[in-house]
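Worksheet for the structure shown next.
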2 protein chains.
Amino acid sequence: MNLETKYWHLHNHKLMNVLSSAELKEICLITNFKTAKKGEIIYFSHDESSRVYTLKRGTIKIVEIDAKGNEIVKDILQEGDLFGQFTLTDQTLDEYAIAVSDYVTCCSFRMDDFEKIIERNPALALRYTKWMGFRLKRLENRYANLVFKDVRTRLIEFLKDWASKEGTNTQDEIILKNYLTHQDIASLICSTRQTVTSLFNDLKEKGVLDYTRTEIIIKNNALLAL
Amino acid sequence: MNLETKYWHLHNHKLMNVLSSAELKEICLITNFKTAKKGEIIYFSHDESSRVYTLKRGTIKIVEIDAKGNEIVKDILQEGDLFGQFTLTDQTLDEYAIAVSDYVTCCSFRMDDFEKIIERNPALALRYTKWMGFRLKRLENRYANLVFKDVRTRLIEFLKDWASKEGTNTQDEIILKNYLTHQDIASLICSTRQTVTSLFNDLKEKGVLDYTRTEIIIKNNALLAL
DNA sequence: GAGTAAATGTCGGCTGGATGACCAAAACCG
DNA sequence: CGGTTTTGGTCATCCAGCCGACATTTACTC
């Protein structure tokens, strides 16, 4: 990938766009670009000395393998999101990122390099700081949900959230392009496949939504009422 | 409190000690010191425009009131820890900090001021960033524990952790000064008072520990074996 | 030290939702 | 197109641990 393309990518990035063009050009030199098709694995937690990735295009799943060998979907990330090793502590288990949309583009730096840039660029530092705060909040939220809400509620809130991010509104329904299996959804809301399946069917019976393997159609307002 | 004392406090702080003495002096001017005795409330999430606090001496509990009016202990903090509103999102519920050790000293700045300092001080920014990463990791860990471990294991790990932080080692036991009720412990590990009580008694029967209302005595190595 | 409030102890009933097992329907693939 | 894999559907079983209720002990207050 040529420098101009890199430049353009970074220039439009929500974190990087505070940098001057000279600084951007410098970053371009240390950046590594990567593209992947659906199903391809983008990164492994252990294979490289810690790198940070930013997702330029597409959607990815962050998956972790637990002690028993089960795959747990930890997160779904979209354009602009950061992933990889931000923290020094490297005791993370097997973790990898896999493309779920047809095409994915992302770029990465070595954490050390990124730190050097931060050190020389206070505005970026501040922004990075805020981004982390945001992340912290999100995790805290998830944690609270897990403690106080039952599976049904967690599923409904998950759907609401998803719909607000990626849903296409039509007359009286919201359409979601579904790239997740019930299993995936289950691990995102900390439940089991079977429970998710039967909740989906329950919601379908109640007329709240309809679904196939590739699409979820939410009747407008139906979710809000729950 | 006079400037010299402030200066000294900040000078020894794990975050602030990257600052030059001129910078430190500047921070002293915008800092607010506060002391509290056991049981006194130090801060409310809603009463001031967002401030960051650093704990200088003592131990505090961060407590949140949930929708049903229950008090949930979210965290126990010690010397050097930061608390308050770091994030812009201010939808936090009622949350407050209460002193659990006899004397507590902490200092605070307005978030805006802190941001200004960060903006002018990359080394501090980097350190702050790392600290947040650490926090993120910790929360992630907690989250994972909640999903994969049962209450018994969570309690044991909580005790191990506590012992390693604050335990006094003697010949063949570790002594913990206990300032938490079973209720507090329960909410820290996301369980109920009754369950904690009976687990404590179970562990006592098994000879793993002994306890009164003010002390927990852990037989050395006994916990490790579990 | 009496009286009250807070913390601990104990128990039985109850249930959300995990688990396992098995089948049906799609999707994938040579 | 037929065979294989992946995903979704359904059910019966089971249990950790929550919940309510109540007794007992310890601490706090005046």
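Numbers restart at 1 for each chain; the letters A, B, ... are given by sequence-line order, proteins then strands.
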Heavy-atom contacts, protein to nucleotides 5-10 of chain D, under 4.0 Å, summarised as B (base), S (sugar-phosphate only) or - (none) per nt, yield --BBBB
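Residues forming a ring-ring contact (aromatic ring centres under 6.0 Å, His included) with B/Phe83 (at least two apart in sequence, or on another chain): B/Tyr43, B/Tyr53. A search for side-chain contact (heavy atoms from CB on, under 4.5 Å) contacts involving B/Glu157 returns B/Asn145, B/Lys149, B/Thr153, not counting sequence neighbours.
In the model, A/Asp102 has no side-chain atom that pairs as donor or acceptor with a side-chain atom of A/Tyr179 under 3.5 Å. Side chain to side chain, B/Arg57 and B/Tyr103 fail the donor-acceptor criterion of an N or O pair below 3.5 Å.
As rounded to whole Å, 14 Å separates atom P of D/dC18 from atom CZ of B/Arg152. The interatomic distance linking B/Asp150 (CG) with C/dA18 (C1') rounds to 14 Å, in whole Å. A straight line from CZ of A/Arg154 to P of C/dG16 spans 14 Å, rounded to a whole angstrom. To the nearest angstrom, P of C/dG17 lies 11 Å from CG of A/Leu155.
With salt bridges taken as basic N to acidic carboxylate O contacts below 4.0 Å, none links A/Asp113 and A/Arg51. Comment: A/Asp184 engages A/Lys61 in a salt bridge, judged by a side-chain N to carboxylate O separation of less than 4.0 angstrom.
Between A/Val151 and A/Thr214, the one whose closest nucleotide on DNA chain C sits nearer the 5' end is A/Val151.
Contact between the side-chain N/O atoms of B/Thr192 and the OP1/OP2 oxygens of D/dC18 is found at a separation under 4.0 Å.
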